[in-house]
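In this text the structure is predicted, and so the values were computed from the model without any measurement. Labels below follow one simple rule: chain letters A, B, ... track the order of the sequence lines, proteins then strands, and each chain is numbered from 1.
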Amino acid sequence: MNLFAQTRDLVLAALDELVEERVLPEGLDFANVAVEPPRDAAHGDMATNAAMVLAKLAKMKPRDIAEALAPKLTAASQIESAEVAGPGFLNLRLAHGSWTKIVEAVLTDSRFGRSDLGQGAKVNVEYVSANPTGPLHVGHTRGAVFGDALASLLDYAGYDVTREYYISDGGAQVDVLARSVYLRYLEAHGQEVAFEDGTYPGDYLIAVGAALKDKVGDAYLDKGEQYWLSEIRDFATEAMMDLIRHDLKLLGVQMDTFFSEKSLYGTGLIESAIKSLDIKGLIYNGVLEPPKGKKPEDWEPREQTLFKSTEHGDDVDRPIKKSDGAWTYFAPDIAYHYDKVQRDYDMLIDVFGADHGGYVKRMKAAVSALSDGKTPLDIKLTQLVKLLQNGEPLKMSKRAGTFVTAADVVDMVGRDAIRFTMLTRKNDAPLDFDVDVVRQTNNDNPVFYVQYAHARVQSVIAKAQAEGMDMSDAALAQAARLDHDADVAVAKKLAEWPRLVEIAAKTNEPHKIAFYLSELTAKFNTRYSMGRDSDDMKFLQIGNTSESQAKIALIRAVAVVLSAGLGILGVSAPDEMR
RNA sequence: GCUCCCUUAGCUCAACUGGAUAGAGCAGUCGACUUCUAAUCGACAGGCUGAGGGUUCGAGUCCUUCAGGGAGCGCCA
């Protein structure tokens, strides 16, 4: 039940009538006609821009259209008044009963808020995709949490979502990993080793080296790389993926599919992906211009196999083979996305870190070329996280092996606080994450604010149940009643929920959910606090079941929506906080 | 040099994708706890939306120039 959509239908019907009566000309495009909540509540419950949108097309003054439209709308029983305002807005007030119906809908319709916006379209959301060379660090956390919430949001909005992790286990970095594990393996055998540049010195590999020793004994001692590299690579990446899966679990991040880069090699998949581009005339051998300005010392022109990505919006063509004939990292990525296109998704979303910003255009070009422009790819970049403690930066240098891991941060502040904090921000803005602030349990920290509201509602309900009152959603829906302006204000906010879900899903912006939850909580707290001044305003009326049910219906509806919203964000909705 | 992102109240951020007088929290000042959980609520104060130009009924939002910050720029991923 989406009141805004319903009201928009009324507006469109009224416009059709005006066309029939020849007040408006035929053939107008109503696509831009919107019904929105007004910025200022004093303007009414909803506003439509119909008159202004149509004025130019109809060659009429906006206010004249609005004047003609108003009586048509007030004829509908749901609309109490329609008032022309400003340059041609039509401010609508809805009948009081509309708001009570919203409360009933929340309590009786388990799908309230869910949307059929997605129409079951298949969406693939790829996120995290951290290299399998160590545990997740704070930077990964943001992409993980963002991607996870985005996937949940799209699912809630009616898409058929696949959550996918791309394991980069085919490149040089896993060779480095294997060599690093070999050193730890030698160490486990009691040898002195030195970690040179280009190896991973992190402590997390000690256990892997020891496990390798348990598995193969001394088989790899005093042997050249050719005897063990491939085996240790497999062993080590599997161990790293175990670490990462564990970290994801700590963060509450779900995955449906893990796709291995390695599976693309030796199977003809890369070759067939490139061939499909070649057939389109997008593959050629050539020499790239050197980058302007900053010319590398050792730059010299070399012929490479190139992808004509400029034909699909990129700035320069991109190499898919190195000058020695090996694939570049781009080639398996093309093959991977080719595979996704083949899997028949209606939409692809990649969540990348900011350091992959330069990669966006070529990836979009590749998908556009591979799917003949049929499969849209949206790439969401998550900007850097600056981790602070007490205002001072916490270092996270992977090279030094002292980076702050995702697990560290979960230990410090907890999963709920990380997730909510990181989602209370647009993905494309940098984020200062101060662990001291996030640990505070006050208004500075919105996660507790929202969770506390949920706990308060459940506490009232628990007390009512202890009085023997029927607090089932069905009973509450039956009794629901809005007595006070503050009640209506809360219900109006609830009415915005389905609309907000659609907007957030359309724009792939889960942070809008987090802000909405804070706003709903504020409205609820305002109403709740009235019970302090006057016993009449308390929700629980001891000894009066029907009155209690009538009042509690509203706040139970709040709890239902809070719980749904927190669920999308992957944050718990506790029944108690003491 | 080029590409992408960012710049909004003292601080951290919103602004429903072009709508009406740009809003919250924190910090500041004042007020409210023998609580249906004060992890809360109420009030005051705080702005040339980095700067200039353009597009139109209407711009924080779109285009453009510039300034400042960030990420990246063939044979790393």
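Closest to the side chain of A/Leu288, out of B/G74, B/C75, B/U12, is B/G74. When each of B/C16, B/C5, B/U40 is scored by its nearest atom to the side-chain atoms of A/Asp428, the top-ranked nucleotide is B/C5. With distances taken from any side-chain atom of A/Ser529 to the nucleotides B/C41, B/C75, B/A77, the minimum falls on B/C41. Counting only heavy atoms from C-beta on, A/Glu261 has its side chain closest to B/A77 among B/A15, B/A77, B/C36. Comparing B/C41, B/C75, B/U17 against the side chain of A/Asn525 picks out B/C41 as the nearest. When each of B/A77, B/C36, B/C41 is scored by its nearest atom to the side-chain atoms of A/Lys463, the top-ranked nucleotide is B/C36. You'll find that the side chain of A/Phe515 is closest to B/A14, out of B/A14, B/A71, B/C36. You'll find that the side chain of A/Glu509 is closest to B/U17, out of B/C36, B/U17, B/C41. For A/Asn49, the listed nucleotide lying nearest its side chain is B/G19; candidates were B/U12, B/U17, B/G19. Proximity note for A/Tyr452 (side chain, C-beta onward) versus B/C16, B/U40, B/C57: the nearest is B/U40.
When the C1' atom of B/A71 is taken as reference, atom NZ of A/Lys361 falls 14 Å away, rounded to whole Å. Atom pair A/Leu520:CG and B/C16:C1' shows a separation of 16 Å (rounding to whole Å applied). In this structure, the CG atom of A/Leu177 is 14 Å from the C1' atom of B/A77, given to the nearest Å. Whole-Å rounding puts the A/Phe433 CZ to B/C13 C1' distance at 15 Å. With rounding to whole Å, A/Leu381 atom CG is found 15 Å from B/C73 atom C1'. Put simply, CZ on A/Phe330 is 16 Å from P on B/C76, counting in whole angstrom units. As rounded to whole Å, 11 Å separates atom C1' of B/C4 from atom NZ of A/Lys364. The separation between A/His511 atom NE2 and B/U17 atom P is 12 Å, rounded to whole Å.
Because its NZ or CZ atom is not both nearer than 6.0 Å to the ring centre of A/Trp327 and within 45° of the ring axis, A/Lys322 does not count as a cation-pi partner of that residue. In this structure, A/Arg499 satisfies the cation-pi test against A/Phe4, with its NZ or CZ atom closer than 6.0 Å to the six-membered ring centre and inside 45 degrees of the ring normal. A cation-pi contact links A/Arg456 to A/Tyr528, judged by a cut-off of 6.0 Å to the six-membered ring centre and 45° from its axis.
Nucleic acid contact class of A/Pro62 (heavy atoms, under 4.0 Å, all strands): none. Looking at heavy-atom distances under 4.0 Å, A/Glu576 makes contact with a base. Among the heavy atoms of the strands lying under 4.0 Å from A/Arg499 is at least one base atom, whether or not backbone atoms are also near. Contact annotation for A/Thr526: backbone-only contact, meaning every heavy-atom pair under 4.0 Å involves sugar-phosphate atoms and none involves a base. Looking at heavy-atom distances under 4.0 Å, A/Ala455 makes contact with a base. Counting any heavy atom pair closer than 4.0 Å across all strands shown, A/Tyr528 reaches a base atom. No contact: A/Ala429 has no heavy atom under 4.0 Å from any strand. As judged by a 4.0 angstrom heavy-atom cut-off over every strand, A/Gln383 is placed among residues touching the sugar-phosphate backbone only. Heavy atoms of A/Ala85 sit under 4.0 angstrom from at least one base atom. A/Ala47 comes within contact range of at least one nucleobase, with a heavy-atom separation under 4.0 Å.
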Only Watson-Crick and G-U wobble pairs with both distances less than 3.5 Å should count. Give RNA chain B in dot-bracket notation, marking inter-strand partners with |. (((((((..((((.....[...)))).(((((.......))))).....(((((..]....))))))))))))....
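Using a 3.5 Å distance cut-off with no hydrogens or angles, the side chains of A/Thr310 and A/Asp317 do pair a donor with an acceptor. Side chains of A/Ser115 and A/Glu502: a donor-acceptor N/O pair is present below 3.5 angstrom, by distance only. Between the side chains of A/Thr237 and A/Asp169, no donor-acceptor pair of N or O atoms lies under 3.5 Å.
Comparing B/A9 with B/A15, their P atoms are spaced 15 Å from each other, to the whole Å. B/G19 sits 30 Å from B/C11 when the C1' atoms are compared, rounded to a whole Å. B/C5 sits 14 Å from B/U65 when the P atoms are compared, rounded to a whole Å. Rounded to a whole angstrom, the distance from the C1' atom of B/U64 to that of B/U55 is 10 Å. For the C1' atoms, the distance from B/G68 to B/U8 is 15 Å, rounded to whole Å. Here, B/G28 and B/G10 have their C1' atoms 10 Å apart, quoted to the whole Å. The separation of B/A20 from B/G1, taken at their C1' atoms, amounts to 45 Å, rounded to a whole angstrom. B/U49 and B/U61 have their P atoms separated by 10 Å, given to the nearest Å.
The one candidate from A/Tyr329, A/Tyr265, A/Phe259 that meets the ring-ring contact (aromatic ring centres under 6.0 Å, His included) condition with A/Tyr336 is A/Phe259.
Counting distance only, with no hydrogens placed and no angle test, the side-chain atoms of A/Asn91 and the base atoms of B/A20 include a donor-acceptor pair under 3.5 Å. In the interface, the side chain of A/Arg425 is not paired with the base of B/C13 through any donor and acceptor atom under 3.5 Å apart. Taking 3.5 Å as the limit, the base of B/C36 and the side chain of A/Arg456 contain no donor-acceptor pair of atoms between them.
Residue A/Tyr449 places at least one side-chain N or O under 4.0 Å from the OP1 or OP2 atom of B/C41. Considering only side-chain N and O atoms, A/Lys426 lies nowhere under 4.0 angstrom from the phosphate OP1 or OP2 of B/C6. OP1 or OP2 of B/C36 lies within a sub-4.0 Å distance of a side-chain N or O belonging to A/Lys538. Within the structure, every side-chain polar atom (N or O) of A/Asn131 is placed at least 4.0 Å from both OP1 and OP2 of B/A77. The phosphate of B/U56 has neither OP1 nor OP2 within less than 4.0 Å of any side-chain N or O from A/Lys56. Between A/Ser548 and the phosphate of B/C36, there is no side-chain N or O to OP1/OP2 separation shorter than 4.0 Å.
Put simply, A/Phe89 rests on the base of B/A20: the two rings are less than 5.5 Å apart at their centres and nearly parallel, under 30°. With centres under 5.5 Å and a plane angle under 30° as the test, the ring of A/His356 is not stacked against the base of B/G72. By the criterion of a centre-to-centre distance under 5.5 Å and near-parallel planes under 30°, the ring of A/Phe539 forms no stack with the base of B/C36.
In textbook terms, a nucleotide whose glycosidic angle is within 90° of 0 is syn, while B/U55, being further out, is anti.
Remark: the backbone N or O of A/Lys321 is paired with a side-chain donor or acceptor of A/Gln304 at under 3.5 angstrom.
Between A/Asp350 and A/Lys380, no side-chain nitrogen of the basic residue sits less than 4.0 Å from a carboxylate oxygen of the acidic one, so the salt-bridge criterion is not met. A salt bridge links A/Lys493 with A/Glu519: at least one charged nitrogen is closer than 4.0 Å to a carboxylate oxygen. With salt bridges taken as basic N to acidic carboxylate O contacts below 4.0 Å, one links A/Asp483 and A/Arg481. Ion pairing between a basic and an acidic side chain is recognised when a charged N comes within 4.0 Å of a carboxylate O; A/Lys551 and A/Glu547 show such pairing.
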